[in-house]
Amino acid sequence: MKKLAMLLWTAFAATVMSGQLHAGSTGPTVVELFTSQGCYSCPPAEAFLGELASRDGVLPLEFHVDYWDKLVYGAAGKWKDVFSSPWATRRQQNYNMSIRGSARVYTPQMVVDGRSEMIGTHRRDVLSSIRKASRAKHPRIEIMIKHRSEGGFAISLDGAATEPSAVWFVRYIKAQTTEVLAGENKGKTLISHNIVTELRRLGDWKGQMTTLELTDVTLDDNQGCAVIVQSESLGPIFGAAVCPAATS
């Protein structure tokens with residue numbers, strides 16, 4: 001038995017060292033910040049998200065909504081957030097319908113694991129929600145991501161969650177500095193982290209082991225990516241994993 005246990009451990013360690021295993025059975029807790037460069041109260045929440053990016057077990061993602069782009073702030077005028085998108089706004093609206101029963105939105109708002117929402121600057125509430133999510137015993141899907149020798153990524157999924165769900169690919173900019181020239185934040189230098197620039201549906205989770213291949217994805221040094229499995233109703237997130245770093 002001892003010999004068998006040692007062999008199993010050796011195989012597991014070799015898999016980890018080779019980069020083939022990139023997420024545990026639970027995976028990171030996903031924290032989504034809905035924000036805008038035109039929102040005066042948003043920079044502290046963006047700085048907080050940057051702190052979360054350095055924590056193990058957390059996948060922070062920043063979504064820039066577009067409804068602030070049309071607002072005029074007196075003589076400072078209006079500012080078009082360079083990262084804003086209508087699909088980020090729709091995602092926030094859908095979350096609010098799912099969690100709060102209302103499509104009304106606000107910024108900065110954080111959503112933790114698709115299950116709870118709170119003001120993005122309320123650090124205690126956010127950290128408490130992250131702790132609860134990491135300890136929860138909800139069914140989870142294990143996601144493993146590895147590099148393909150031909151380029152791109154190979155993804156395998158397995159687990160117990162049975163609710164109809166979608167598999168999403170997320171591409172993000174790791175860090176970006178922006179000089180804001182107009183609007184509520186005129187004259188400020190904003191630093192953002194993990195700014196989502198692409199959210200692409202890869203397929204469906206059907207309750208059984210699934211393998212997928214991403215052959216058309218290349219990342220530069222300031223980009224990262226992740227895979228998320230989430231309820232079809234844009235509710236709970238059942239699994240997440242970050243793409244492994246490029247190999248030399």
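Residue numbers count from 1 along this sequence.
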Fill in: No-hydrogen, no-angle side-chain donor-acceptor test under 3.5 Å, D113 and T29
no

Worksheet item: Could E179 and K188 be called an ion pair, given the rule that one side-chain N must be under 4.0 Å from one carboxylate O?
Response: no

Item to complete: Using distance alone, with no hydrogens and no angle criterion, decide if Q37 and W79 have a side-chain donor and acceptor under 3.5 Å apart.
Response: yes

Worksheet item: Between K80 and S84, does a side chain to side chain donor-acceptor pair (under 3.5 Å) hold up when you go through it step by step?
Response: CA-CA 8 Å; K80 171 68 170 69; S84 65; 3.1 Å; yes

Practice prompt. Determine the minimum heavy-atom distance between P28 and L59, stating which atoms define it.
Written response: CB-N, 3.9 Å

Worksheet item: Hey, what do you get for SG (C225) to CG (L214), rounding to the nearest 0.5 Å?
Response: 7.5 Å

Worksheet item: Roughly how far apart are L61 CG and I228 CD1, rounded to 0.5 Å?
Response: 5.5 Å

Worksheet item: Are side-chain N/O atoms of E163 and S231 paired as donor and acceptor at under 3.5 Å?
Response: yes

Fill in: Spacing of SG belonging to C42 relative to OH belonging to Y106, to within rounding of 0.5 Å
11.0 Å

Worksheet item: Are M118 and L52 co-members of a hydrophobic cluster defined by side-chain heavy atoms under 4.5 Å apart?
Response: yes

Worksheet item: Just wondering, more than 12 heavy atoms not from R55 lying within 6.0 Å of its CZ?
Response: no

Worksheet entry | Whether N185 side chain and C39 backbone form a donor-acceptor pair below 3.5 Å | yes

Worksheet entry | Residues which pass side chain to side chain donor-acceptor pair (under 3.5 Å) with Y40, listed by chain and number, not counting sequence neighbours | none

Response to the item:
Interatomic distance, CE@M209 vs OG1@T211, rounded to 0.5 Å, equals 9.0 Å

Worksheet, complete the sentence: Minimal heavy-atom distance between A182 and A76, with the atoms involved, is CB-O, 3.2 Å

Worksheet item: Heavy atoms, side chains only, cut-off 4.5 Å: are V229 and S165 in contact?
Response: yes

Worksheet item: Within 45° of the axis and under 6.0 Å from the centre of the six-membered ring of F34, does NZ or CZ of R91 qualify?
Response: no

Worksheet item: Are any side-chain N or O atoms of D81 and backbone N or O atoms of F83, one a donor and one an acceptor, separated by less than 3.5 Å?
Response: yes

Fill in: Cluster check L202, V217: I/L/V/M/F/W/Y, side chain < 4.5 angstrom
yes

Item to complete: Check the surroundings of atom CG in D216: do more than 12 heavy atoms from other residues, nucleotides or ligands lie under 6.0 Å from it?
Response: yes

Worksheet item: Strictly by modelled atom types, are Q92 and Y67 linked by a side-chain donor-acceptor pair under 3.5 Å?
Response: yes

Discussion item. Is it the case that the side chain of S54 and the backbone of E51 share a donor-acceptor pair, with hydrogens and angles ignored and the cut-off at 3.5 Å?
Written reply: yes

Discussion item. So, taking the atom named CZ in R200 and the one named CH2 in W168, what distance separates them when rounded to the nearest 0.5 Å?
Written reply: 11.5 Å

Worksheet item: Would V31 end up clustered with F63 when hydrophobic side chains under 4.5 Å apart are linked, directly or stepwise?
Response: no

Worksheet entry | Expected output: side-chain S36 to main-chain G38 donor-acceptor under 3.5 Å | yes

Fill in: Between T107 and T35: side-chain donor-acceptor atoms closer than 3.5 Å
no

Discussion item. Checking side-chain polar atoms at under 3.5 Å, does Q176 have a donor or acceptor matched by the opposite partner on S192?
Written reply: no

Worksheet item: Would you say R140's side chain and I237's backbone share a donor-acceptor pair under 3.5 angstrom?
Response: yes

Worksheet item: Could you go step by step and tell me if H138 and F238 meet the side-chain contact (heavy atoms from CB on, under 4.5 Å) rule?
Response: CA-CA 8 Å; H138 306 296; F238 297 120; 5.6 Å; no

Item to complete: Please check if M110 and V105 belong to a single hydrophobic cluster, counting links between Ile, Leu, Val, Met, Phe, Trp and Tyr side chain heavy atoms closer than 4.5 Å.
Response: no

Worksheet item: Under 3.5 Å, is there a donor-acceptor pair between the side chain of T178 and the main chain of V180?
Response: no

Worksheet item: Between H147 and F153, what is the ring plane arrangement, given parallel below 30°, perpendicular above 60°, and tilted in between?
Response: tilted

Fill in: Minimum-distance pair of heavy atoms, taken over all atoms of A240 and V30
CB-CG2, 3.6 Å

Worksheet item: Do N222 side-chain atoms and A175 backbone N/O form a donor-acceptor pair below 3.5 Å?
Response: yes

Response to the item:
All heavy atoms of Q223 vs all of K174, minimum pair found to be O-CE, 3.0 Å

Discussion item. Could you check whether any side-chain N or O of T121 sits under 3.5 Å from a backbone N or O of P44, counting only pairs where one atom can act as donor and the other as acceptor?
Written reply: no

Worksheet item: Are W87 and W68 connected in a single hydrophobic cluster, I mean Ile/Leu/Val/Met/Phe/Trp/Tyr linked by side-chain heavy atoms less than 4.5 Å apart?
Response: yes

Fill in: CZ (R201) with more than 12 external heavy atoms under 6.0 Å
yes

Worksheet item: Do Q109 and N96 get their side chains close enough for a donor-acceptor pair, meaning under 3.5 Å?
Response: yes

Worksheet item: Nearest 0.5 Å, what's the CD-CD distance between E150 and E213?
Response: 7.0 Å

